[in-house]
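In listed order, ligands and their atoms are each counted from 1.
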Amino acid sequence: MINIQTNYAGLTLRNPIIISSSGLTNNAEQNKKLEDAGAGAIVLKSLFEEQIKLQSNVLQQNSDYPEAIDYIYNYVKANQINSYLELIQKTKELCTIPIIASINCYKSDAWIDFANQIAAAGADALELNVFFLETDLTYDYQQTQDFYIKLIRKVKETVSIPVMVKISKMAGNIPALVQTLTINGADGVVLFNRFYQPDIDIHSLKVTASNVFSQPADISDTLRWTAIVSGKVQGASIASSTGIHEWEDVIKCLLAGADAVQLCSTIYKHGHEIISQILTCLEEWMSQKKYQSIDEFKGKLSYTHVADPSLYERAQFMKYYSNRK
Ligand SMILES: Cc1cc2nc3c(=O)[nH]c(=O)nc-3n(C[C@H](O)[C@H](O)[C@H](O)COP(=O)(O)O)c2cc1C
């Protein structure tokens, strides 16, 4: 009997497919449909502190009373947090799979405040959606490291549910960052978030938004870093994310060392049916390979388990191009 259960960041999942934080997971009834379609866990759409600020700024502009600024901000904040807590509670009422809340903040006290309320509302875990795009020429990278350490320590002191950190592939030295996060209490990491991608329109001479969805080719970096991090960082629990579109991609991430995968663009493109198709193909592949459980092949091709780890590194790239005529 094939068992596709997996353990990720202290959670037991019936299978390794997690639905990523997005518009897909913004509604309790919709989340129930994702569970019925086969999802192993769901990450709710992020609660963004910045969005609260933006919305209250709009309301403040329409107010004639400067003294109302704090009042409006606190009103919008309470309103948005309450809707988010309701989303958690309703989703938990309808679903039995683990429900992971997600937050994105910019002030340190907001991370703690939101985390506290989310844990109290009954979320099974919390994903910290962290994004820095440092462009200041005088910026000291140590500040970023210190920010992550302080953040994960404080959140872990505040809540007892598992806490994962979703990072960007532009976050600097990825293995070192994951090691720092793991040592300081992160139960898991998500490799990677994918943000707004800029483009340039050569006709209008304007900067525009490029595709909001990932492409299958985006999986390459996800595989590279999943393999390197799982091979090098002891105790890191990884959910691979970005560019995972087909059933083969899920197996590749598990072979690279992921405990689970997160899917977003492929569900937007193909609908919920893709979840059961992937699970059926995963089981068929395991049966052909005579694997009974995911643990039997997870990490088989991680950085430490491949004969030539340089295949995951730049050295191979140079060899490839110097051999091309
Ligand atoms: C429409 C849309 C909304 C998203 N909203 C969020 C969000 O609220 N929080 C978050 O952490 N990631 C968000 N993401 C990023 C996804 O969770 C995911 O990390 C990214 O799309 C890469 O995965 P994929 O290649 O499977 O699409 C969003 C992505 C899309 C396409």
Side-chain angles (χ1 to χ4, degrees), residues 8-9 16-27 30-31 34 37 39-52 54-55 80-81 83-84 87-88 91 99-106 111 114-115 118 123 125-133 151 155 163-171 174 186 188-198 209-226 238-250 252-254 256 258 260-272 274-275 277-278:
Y8 163 58
I17 296 188
I18 302 174
I19 313 304
S20 304
S21 176
S22 62
L24 294 166
T25 61
N26 209 5
N27 167 292
Q30 191 60 24
N31 291 336
L34 286 164
I42 291 172
V43 188
L44 301 177
K45 172 106 183 97
S46 300
L47 175 62
F48 288 97
E49 184 191 7
E50 205 171 3
Q51 208 165 319
I52 296 173
L54 288 175
Q55 200 178 329
Q80 292 228 2
I81 294 181
S83 325
Y84 198 74
L87 172 66
I88 296 172
T91 304
I99 302 301
I100 305 167
S102 165
I103 54 176
N104 173 283
C105 302
Y106 59 92
W111 289 101
F114 289 7
I118 279 167
L126 175 63
E127 192 176 278
L128 306 176
N129 168 13
V130 185
F131 179 56
F132 288 111
L133 189 63
L151 174 66
V155 175
V163 179
M164 303 83 165
V165 186
K166 186 178 191 183
I167 61 177
S168 142
K169 62 182 164 194
M170 290 171 273
I174 306 289
V189 287
V190 183
L191 307 177
F192 297 102
N193 209 337
R194 183 175 181 276
F195 295 92
Y196 155 82
Q197 308 283 311
S210 144
N211 221 334
V212 67
F213 298 121
S214 68
Q215 301 301 312
D218 291 333
I219 197 180
S220 225
D221 276 336
T222 306
L223 286 178
R224 177 205 309 275
W225 291 113
T226 299
I238 303 170
S240 298
S241 164
T242 297
I244 304 166
H245 285 237
E246 306 289 341
W247 64 271
E248 292 96 330
D249 300 339
V250 174
K252 287 177 194 179
C253 291
L254 296 169
V261 298
Q262 294 200 357
L263 306 185
C264 178
S265 295
T266 195
I267 299 183
Y268 272 108
K269 283 187 192 164
H270 303 294
H272 293 187
I274 187 84
I275 303 170
Q277 285 166 18
I278 288 175

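Shortest contact from atom 1 (C) of ligand 1 to any protein heavy atom: Tyr268 OH, 3.5 Å. Protein heavy atom in closest approach to atom 9 (N) of ligand 1: Ser46 OG, 2.6 Å. Ser21 O, 3.6 Å is the protein heavy atom nearest to atom 28 (C) of ligand 1. The protein non-hydrogen atom at the shortest distance from atom 27 (O) of ligand 1 is Ser265 OG, 2.5 Å. In terms of protein heavy atoms, atom 19 (O) of ligand 1 is closest to Lys166 NZ, 3.0 Å. Regarding atom 26 (O) of ligand 1, its nearest protein heavy-atom neighbour is Cys264 N, 2.9 Å. Looking at atom 22 (C) of ligand 1, its nearest protein heavy atom turns out to be Thr242 OG1, 3.3 Å.
Here's the thing with Glu127: none of its N/O atoms is less than 3.5 angstrom from an N/O atom of ligand 1. In terms of N/O distances under 3.5 Å, ligand 1 is not approached by Gly23. Of the polar atoms of Ser102, none of the N or O atoms is found under 3.5 Å from an N or O of ligand 1, judged by distance alone. Taking only nitrogen or oxygen atoms, main chain and side chain alike, Lys45 reaches within less than 3.5 Å of ligand 1. For Val212, no nitrogen or oxygen atom sits less than 3.5 Å from a nitrogen or oxygen atom of ligand 1, counting backbone and side chain alike.
Ligand 1 lies nowhere less than 4.0 angstrom from a heavy atom belonging to Phe195.
Within the listing of ligand 1, atoms 24 (P), 25 (O), 27 (O) sit less than 4.0 angstrom from a heavy atom of Ser214. Within ligand 1, counting atoms from 1 as listed, the ones closer than 4.0 Å to a heavy atom of Asn193 are 11 (O), 12 (N), 15 (C), 19 (O). Close approach to Asn129 involves these atoms of ligand 1, each under 4.0 Å from a residue heavy atom: 9 (N), 10 (C), 11 (O). Which parts of ligand 1 touch Arg194 is read off a 4.0 Å heavy-atom cut-off, strictly below it: atoms 19 (O), 20 (C), 22 (C).
Ser210 contributes no side-chain N or O that, together with a main-chain N or O of Pro198, makes up a donor-acceptor pair within less than 3.5 Å. Here the side chain of Thr222 pairs a donor or acceptor atom with the backbone of Thr242 at under 3.5 angstrom. The main-chain N or O of Val43 is found under 3.5 Å from a side-chain atom of Thr25 such that the two form a donor-acceptor pair. No donor-acceptor distance shorter than 3.5 angstrom exists from the side chain of Ser241 to the backbone of Leu191, with no hydrogens or angles considered. Judged purely by atom type and a 3.5 angstrom limit, Glu49 has no side-chain atom pairing as donor or acceptor with the backbone of Leu47. Counting only distance, with no hydrogens or angles, the side chain of Tyr84 and the backbone of Ser102 share a donor-acceptor pair below 3.5 Å.
Residues Ile18 and Ala260 come closest through the heavy atom pair CD1-CB, 3.7 Å. Closest of all the heavy-atom pairs between Ile274 and Ile267 is CG2-CG1, 4.0 Å.
Only the side chain of Ser241 comes within 4.0 Å of ligand 1, counting heavy atoms alone; its backbone N, CA, C and O stay farther away.
For the 3.5 Å distance criterion, the side chains of Gln30 and His272 qualify, holding a donor opposite an acceptor. Checked by atom type, the side-chain pair Asn129/Ser46 shows a donor-acceptor distance below 3.5 Å.
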